[in-house]
Amino acid sequence: MTEAEVTGRHRAVEIVEPESAGRRFVGQSQYWLACVFVIGWTGVICGGLAVQFGSWDYPCPLCMLQRMFMALAALGAAIIVRKGMLGIITSRDYMTGWGLALLGCVAGGFTAWRQTMLHINDWQQPNGPVGYGSAVLGLHLYVWAWVLFVAAIFAIGLVLSFGHDTAAPGFAATGGQRVIGRLALWFLGLVLIVNLIAVFCLEGLHWFLPDDPDKYQLFYDLGIR
């Protein structure tokens with residue numbers, strides 16, 4: 001047997017050698033990150049709804065735009081989760097999912113930055129910043145949104161930089177992975193429906209949401225005070 005044949009046999013053995021448990025776990029990183037994205041952004045939208053109904057704060061159009069871009073980021077990650085659950089995930093699915101998530105985070109970050117800049121002079125008020133709506137831990141929701149959008153962009157860039165190792169083509173979620181993925185998708189769907197109803201009640205049968213809403217227009221139009 002020639003040296004070339006021996007080398008070829010060694011290479012063949014290396015190809016069929018099963019992956020280690022550690023490498024398999026790393027190859028599932030993007031699936032788990034996608035689950036975190038879906039649950040995380042859905043939780044942020046949920047927090048906005050809690051402030052809206054708990055403090056009777058009426059979100060402005062920029063607030064609603066930020067929620068929409070959060071939903072887009074979550075839906076992008078949801079593509080990866082769903083494809084992983086079906087066991088047919090490909091490199092294109094990873095790129096499509098993270099591409100949509102990145103678009104949502106960039107657009108949402110700009111929207112949050114825009115709203116922050118509109119109220120930047122409020123920090124110079126003698127009694128402290130006024131801003132729009134209630135503050136949470138000293139910052140308004142749009143400031144927190146800007147911070148989270150920037151952090152999410154960084155996370156996507158980081159995971160894509162190591163995409164060769166963190167994305168396993170043909171990955172199929174099993175057991176607990178499927179359970180968590182299913183819960184994440186149902187959680188997202190439920191919160192999006194609640195948010196859609198909240199927007200409809202706030203805007204009513206009108207084309208535009210007021211810049212500074214002070215009531216749920218649908219109830220007002222129906223004579224419900």
Side-chain angles (χ1 to χ4, degrees), residues 30-82 84-85 97-98 100-116 119 131-156 173 176-204 209 212-219:
Q30 290 203 28
Y31 175 82
W32 287 117
L33 180 63
C35 289
V36 170
F37 251 69
V38 174
I39 296 173
W41 282 123
T42 306
V44 174
I45 297 173
C46 225
L49 289 169
V51 172
Q52 176 180 343
F53 295 121
S55 303
W56 288 101
D57 281 340
Y58 301 98
C60 67
L62 285 175
C63 298
M64 300 312 303
L65 270 178
Q66 289 165 54
R67 290 188 193 177
M68 292 178 185
F69 290 131
M70 290 174 184
L72 177 59
L75 288 171
I79 293 175
I80 299 174
V81 175
R82 181 57 181 166
M85 292 174 60
W98 290 127
L100 289 175
L102 190 59
L103 285 175
C105 291
V106 171
F110 176 79
T111 307
W113 171 83
R114 169 61 177 164
Q115 191 170 6
T116 302
H119 299 282
Y132 183 86
S134 302
V136 177
L137 299 178
L139 296 177
H140 290 278
L141 295 184
Y142 45 85
V143 181
W144 280 116
W146 180 72
V147 172
L148 291 175
F149 279 126
V150 172
I153 293 171
F154 176 82
I156 294 174
Q177 297 168 335
R178 289 183 59 84
V179 173
I180 294 176
R182 185 176 292 110
L183 289 175
L185 295 180
W186 275 101
F187 181 39
L188 173 61
L190 177 61
V191 171
L192 289 184
I193 291 173
V194 172
N195 187 67
L196 182 62
I197 295 173
V199 174
F200 178 65
C201 292
L202 190 65
E203 188 170 345
L209 181 67
D212 191 7
D214 57 358
K215 57 182 173 292
Y216 287 99
Q217 190 65 43
L218 178 65
F219 299 145

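Residues: numbered from 1 along the sequence shown. Atom set for the values below is all heavy atoms of this structure, side chains included, hydrogens, waters and symmetry mates excluded.
With a 4.5 Å cut-off on side-chain heavy atoms, Val38 and Phe187 do not count as touching. Met85 has its side chain within reach of Leu185: a pair of non-hydrogen atoms, C-beta onward, lies under 4.5 Å apart. Under the 4.5 Å side-chain criterion, counting only non-hydrogen atoms from C-beta, Ile79 is not in contact with Leu75. Residues Met64 and Asn195 are in side-chain contact: their nearest non-hydrogen atoms beyond the backbone lie under 4.5 Å apart. Looking at heavy atoms from C-beta onward, Phe69 lies out of side-chain contact with Val106 at the 4.5 angstrom threshold. Inter-residue side-chain proximity for Val81 and Phe37 is flagged as unmet; no heavy-atom pair is nearer than 4.5 Å. Taking the side chain as every heavy atom from C-beta outward, Trp32 and Ile180 approach each other to under 4.5 Å.
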Any chance you could lay out the side-chain contact (heavy atoms from CB on, under 4.5 Å) test for Leu49 and Val191, step after step, and finish with the verdict?
CA-CA 9 Å; Leu49 289 169; Val191 171; 4.2 Å; yes
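Taking the six-membered ring where the residue is Trp, the centroids of Trp146 and Phe149 are separated by 6.0 Å or more.
To the nearest 0.5 Å, atoms CG (Leu33) and CH2 (Trp98) are separated by 3.5 Å. Rounding to the nearest 0.5 angstrom, the gap separating the CE atom in Met68 from the OG1 atom in Thr111 is 10.5 Å. Here the CZ-SG distance, from Arg182 to Cys35, works out to 11.5 Å after rounding to the nearest 0.5 Å. Atom CE in Met70 sits 12.0 Å away from atom CG in Leu72 (nearest 0.5 Å).
Of all non-hydrogen atoms in Ala101 and Ala77, the two that sit nearest each other are CB-N, 4.5 Å. Annotation for Ala71 and Ile45: closest pair N-CD1, 3.9 Å, computed over non-hydrogen atoms. Looking at every heavy atom in both residues, Tyr31 comes nearest to Gly181 through OH-CA, 3.7 Å. The two residues Ala78 and Leu188 make their nearest non-hydrogen contact at CB-CD2, 4.1 Å.
A donor-acceptor pair under 3.5 Å is formed between the side chain of Gln66 and the backbone N or O of Leu62.
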